[in-house]
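Sequential numbering from 1 along the given sequence is applied to the chain's residues. When a ligand or atom number is given, it counts from 1 through the structure's own listing order.
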Amino acid sequence: MTNVKLETTTRKRPELPLAELVHRTDISEDLMVIKIEPQNGRFEFKPGQYCTLGREGVERAYSIVSAPYEEELEIFVELVPDGGLTPKMWEMRVGDTMSIRPRAKGLFLLDEKVHHHFMLATVTGVAPFVSMIRQYLHDSRQGHKFYLLLGASYADELTYDEELSRLSQQHPDSIRFVPTVSRPAEARNSGWSGAKGRVNTIAEEYLNSFNPPQEDTRVYACGHPGMIAEVKDQVVPQGWKFVEERFWKE
Ligand SMILES: Cc1cc2nc3c(=O)[nH]c(=O)nc-3n(C[C@H](O)[C@H](O)[C@H](O)COP(=O)(O)OP(=O)(O)OC[C@H]3O[C@@H](n4cnc5c(N)ncnc54)[C@H](O)[C@@H]3O)c2cc1C
């Protein structure tokens, strides 16, 4: 009989790479845009993918707003007051660090086999679409059309509306942008003259008015799971190809 010596070892989890907060813009009490710089060099990803960030061992997924050509990773975050990670993120100041998993993940990518991209987003759900459009324009590409509906309760939460409006004016043949607010009667939205209503209630109307060819179109929905479920129920039975990225479970 052989004498087998059993050894018990405590395996230490390998340290995750760190990313430094280099810029922070507070949009409202519960929304901020941060820029982070991974300390171990450039972070490779495709537009539409997400990274996994953490603090004190709590990790969550964040879609990347910036495009791969940009130096810093830009993230648009909503505070969940009782959440595990976002309250810790709200304490961060420039120079603080977060952990970042070394690899980007996700299959919510631009489907380049089709030429019409009907994109629906609620608040932070705009992130993957900004990344896709920035990279597309940076590469001076042509031949694709983007129709983006971005919804929020309040106009000041839309955040990327100025950039997207400007890009749609500069590229009217390839970008159509519709920002919408769901609480138009509230004082915080006074002066709002754009579209009104939740994304899920106006999506079909805009899909019909833009009227992209169904066989050459993909419908993308990102953000609030309720919006995604409702839009999916409307468009999938009509034959539209549909992809989604839900940020949380309801
Ligand atoms: C692929 C993917 C990409 C994501 N990208 C982003 C992003 O770009 N920006 C971003 O802010 N978040 C994004 N999220 C959500 C993010 O991962 C966290 O869940 C969120 O930041 C809350 O983290 P937390 O630890 O503070 O709360 P948690 O402890 O994770 O959540 C507490 C509770 O709040 C719910 N919840 C989570 N997020 C919200 C929300 N926004 N509104 C209401 N309830 C919520 C959870 O389901 C849970 O019940 C993404 C999620 C996924 C899966």
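For atom 30 (O) of ligand 1, the closest heavy atom belonging to the protein is R60 NE, 2.8 Å. Looking only at protein heavy atoms, the nearest one to atom 26 (O) of ligand 1 is T86 OG1, 2.5 Å. Closest to atom 7 (C) of ligand 1 among all protein heavy atoms lies F247 CE2, 3.5 Å. The nearest protein atom to atom 27 (O) of ligand 1, hydrogens excluded, is given as G83 CA, 3.2 Å; this is a heavy-atom distance. The protein atom (non-hydrogen) at minimum distance from atom 29 (O) of ligand 1 is G84 N, 3.0 Å. The shortest contact between atom 35 (C) of ligand 1 and any protein heavy atom is with W248 CD1, 3.9 Å.
Side chain to side chain, Q238 and Q214 fail the donor-acceptor criterion of an N or O pair below 3.5 Å. Checking E204 against N208 by side-chain atom types alone, no donor-acceptor pair falls below 3.5 Å.
Here is the list of ligand 1 atoms found below 4.0 Å of a heavy atom in V77: 11 (O). Each of the following atoms of ligand 1 lies closer than 4.0 Å to a heavy atom of E245: 1 (C).
Centroid-to-centroid, the aromatic rings of Y220 and H117 come within less than 6.0 Å. H224 has its ring centre no less than 6.0 Å from the ring centre of F247.
Considering backbone and side-chain N/O of P87, none are found under 3.5 Å from N/O of ligand 1. Not a single N or O atom of D82, backbone or side chain, sits closer than 3.5 Å to an N or O atom of ligand 1. For S63, a nitrogen or oxygen atom sits less than 3.5 Å from a nitrogen or oxygen atom of ligand 1, counting backbone and side chain alike. Considering backbone and side-chain atoms together, V58 places no N or O closer than 3.5 Å to any N or O of ligand 1. The N/O atoms of A61, backbone and side chain alike, include one that comes under 3.5 Å of an N/O atom in ligand 1. In terms of polar-atom proximity, R246 is not counted as a contact of ligand 1, lacking any N or O under 3.5 Å from an N or O of the ligand.
Residue-level proximity to ligand 1 for H224 is absent, since no heavy atom of it falls below 4.0 angstrom. Counting heavy atoms under 4.0 Å from ligand 1, residue Y50 touches it through the side chain alone. Counting heavy atoms closer than 4.0 Å to ligand 1, residue F76 contributes backbone atoms (N, CA, C, O) but none from C-beta onward.
Protein heavy atoms all stay at least 4.0 Å away from atom 49 (O) of ligand 1. For atom 16 (C) of ligand 1, a protein heavy-atom neighbour is found at a distance under 4.0 Å.
Of all non-hydrogen atoms in G84 and P87, the two that sit nearest each other are C-CD, 4.4 Å.
No more than 12 heavy atoms of other residues, nucleotides or ligands lie within 6.0 Å of CD in E162, so this atom counts as exposed by the packing criterion.
The residue from M89, E78, R55 that puts a heavy atom closest to atom 11 (O) of ligand 1 is E78. Remark: among candidates V126, L85, V80, T124, the nearest residue to atom 31 (O) of ligand 1 is V80, based on non-hydrogen atoms. Comparing heavy-atom distances from atom 20 (C) of ligand 1 across W90, F108, Y62 singles out Y62 as nearest.
Here NE2 of H116 is found 12.5 Å from CG of D111. Values are rounded to the nearest 0.5 Å. Atoms CD and OH, on E74 and Y62 in that order, are 15.5 Å from each other to the nearest 0.5 Å. The CD1 atom of I100 sits 10.5 Å away from atom CD of Q39, with the distance rounded to the nearest 0.5 Å. With values rounded to the nearest 0.5 angstrom, T180 atom OG1 is found 11.5 Å from D161 atom CG.
Using a 4.5 Å heavy-atom cutoff, the side chains of C51 and F43 are in contact.
Taking the centre and axis of the six-membered ring of Y147, the NZ or CZ atom of R176 falls outside the cone set by 45° and 6.0 Å.
Linking ILVMFWY residues whenever their side-chain heavy atoms come closer than 4.5 Å, directly or via other members, places L110 and V65 in the same cluster.
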